[in-house]
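What follows is a single structure, written as structure tokens, with notes after it.
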Amino acid sequence: MSDTTSSFQAPIGTHDVLGPESGQWESLIATFADFAYRYGFSLAITPMFEDVGVFNRGIGEHSEVAKKEMYVFADRGERVYALRPEGTASIVRAFVQHQPATPWKAWYVTPAFRYERPQAGRYRQHHQLGVEALGTEDPAIDVEVITLAWRFFEAIGLRSIRLLINSMGHDECRAAYVSILRHHLATDPSLLCDEHQKAWSHNPLRVLDCKKAPCIDVTSRGPMLPDHLCDECREHFAAVLAGLTSLGVEAELNPRLVRGFDYYTRTTFEFVADALDGAQNAIGGGGRYDKLAEQLGGKPTGGIGFGTGIERLLLTRAAESDQPLDLLNRTLDVFVVDTTGGDVATVLVDELRSAGVACDRAYDQRSMKSQMKVADKSGARWALLVGPQELLAGEVTIRDLRSDNFEQAQQKASRDDLVAAIANLLTK
RNA sequence: GUGGGCGUAGCUCAGUUGGUUAGAGCGCCAGGUUGUGGUCCUGGAGGCCGCGGGUUCGACCCCCGUCGCUCACCCCA
């Protein structure tokens, strides 16, 4: 499709989101923004590309995402950048750069880019909503971030969500655990699945996450991370779990939960949707990253965040319900039908819109029948009819498009009282 | 990166063992006498049958390539 006569389409793995589907996006974003506001987070807008080092140092050079999924490019000044593959690293980079007063609580909505083969629920450009809180290691903030996510999923009506939680410990207790785990795996690597028989020593934690029976069998007889935390990490984790319990947030302890980015310490969590099957059922996740600010050149500052994928939220919604998500109810109030040439419509919609009424009109001087059809399809509750009669009398006919009774459906209003009359109808 | 399925009107799809003017439903547009939508009726516009090459008297149909879509593996939102 590169010849000059063909047209263009969206790049592989990307999608245009148009109405009415975009109404669901608006619902999610607006609801999330409202939650963030109520929890004390302010919006942070950061560049969609960063020095590639921000992501390499942040999510880990050896993670799958950094190794083969980043969109890396050099600009004309030979600076090497990458399109952001996730939200957290950029926010922490901005934190380090500007050093806002702590605790600093920021939320974001952003595209995220990963170069991989698209499939159901996985795209080269997807979109995430998230929050980050930096500058405190109080388990109360862990509880708050997780609870925000939990309540958000409730608010948008999702039913099949489970929360899995684990603690990765801090550098030292995790390193100690990894060597114990490595020792356990080394006793007989041939018992592992085909893939991990070779790869186990590179990153033993990944074996914990393996879904294949042989690995599950071996690891279930081995050491689990929560049992090997140092006293401080153990107490921190216990406080998080107790806090969640006190709020009625049901977390399932999952010692196998190992997330994809290297920056996580202590609390890690993931939300899975049982309504989605198989490999793409993670709809959100996050955790604590107490070393990340330092790795990006800042002062040691603890932080915790959460991110969720808009596309997967909507897939989950679709799997759970036939009804599209419509929390904003963005429908037109009024549609103006003007058969006198259109100039009256021009003035009327301006008056109504200035008064806060959502309205639209027909164009191109189409017939009344045609304009009425458009009015019907617009979803507007009321049609305003202006023909030669109304023009002469200085009136407008107000028609209820939900009514099928011609007599009861219509009433007249004078031009001067129109805005007030409509306002009155809309408050009923 | 690897593998499977699929590319015919804006959308969802038919298209007989290759045979000449490529169809349906929905959507869109216009009508169904004098200013009224949602139902119904009539008519209309709209397709280099993804693209390129090959086989053939003849290709939407068969073969090859290519691009794209889709599903799966790895991993993730």
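Sequence lines set the chain letters: A, B, ... in the order given, protein chains first and strands last, and positions in each chain run from 1. For clarity, every value in this text was computed on a predicted model and none was experimentally measured.
Whole-Å rounding puts the A:D16 CG to B:G10 P distance at 17 Å. When rounded to the nearest whole Å, the span between CZ of A:R117 and P of B:C73 equals 13 Å. Atom-to-atom, NZ of A:K369 to C1' of B:A30 comes out at 9 Å; the value is rounded to the nearest Å. Here B:A30 presents its C1' atom at 17 Å from CD of A:Q365, a figure rounded to the nearest Å. Rounded to whole angstrom, the span from the CE atom of A:M368 across to the P atom of B:G38 amounts to 13 Å. Atom CD in A:Q371 sits about 12 Å away from atom P in B:U36, given to the nearest Å. A straight line from NZ of A:K373 to C1' of B:G32 spans 11 Å, rounded to a whole angstrom. The CG atom of A:D338 sits 17 Å away from the P atom of B:G37 (whole-angstrom rounding).
Candidate nucleotides B:C75, B:C29, B:C69 were compared by shortest atom distance to the side chain of A:K377, and B:C29 ranks first.
Checked against the 6.0 Å centroid threshold, A:Y263 and A:F261 count as a close aromatic pair. The aromatic ring centroids of A:Y71 and A:Y115 lie less than 6.0 Å from each other.
Base-pair partner of B:G23: B:C13 (Watson-Crick or G-U wobble, both distances under 3.5 Å).
Only the C1' atoms considered, B:G54 is 15 Å distant from B:G58, to the nearest whole Å. Comparing B:A22 with B:G50, their P atoms sit 15 Å apart, to the nearest whole Å. Taking the P atoms as reference points, B:C61 lies 26 Å from B:G25, given to the whole Å. Nucleotides B:G15 and B:A9 have their P atoms positioned 15 Å apart, rounded to a whole Å. Taking atom P on both B:C13 and B:C6, the two are 13 Å apart, rounded to the nearest angstrom.
Contacts of A:I12 with the nucleic acid, taken as non-hydrogen atoms under 4.0 Å apart, involve only primed sugar atoms and P, OP1 or OP2. A:Q410 comes within 4.0 angstrom of a base, heavy atoms only. Backbone-only engagement by A:I283 is indicated by non-hydrogen atom pairs under 4.0 Å involving sugar-phosphate atoms exclusively. Contact annotation for A:G121: base contact, defined as any heavy-atom pair under 4.0 Å involving a base atom. Note on A:E311: nothing from the nucleic acid sits closer than 4.0 angstrom, heavy atoms only.
Mapped onto RNA chain B by nearest heavy atom, A:V374 and A:E116 fall at different nucleotides, with A:V374 at the one closer to the 5' end. For the pair A:F261 and A:G13, both in contact range of RNA chain B, the more 5′-proximal nearest nucleotide belongs to A:G13.
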- Task: Under the ring pair (Phe, Tyr, Trp, His ring centres under 6.0 Å) rule, what do A:F49 and A:Y81 come out as? Steps first, then yes or no, please.
- Result: CA-CA 6 Å; A:F49 60 96; A:Y81 291 121; 5.0 Å; yes

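Between the side chain of A:R317 and the main chain of A:Q323, a donor-acceptor pair closer than 3.5 Å is present.
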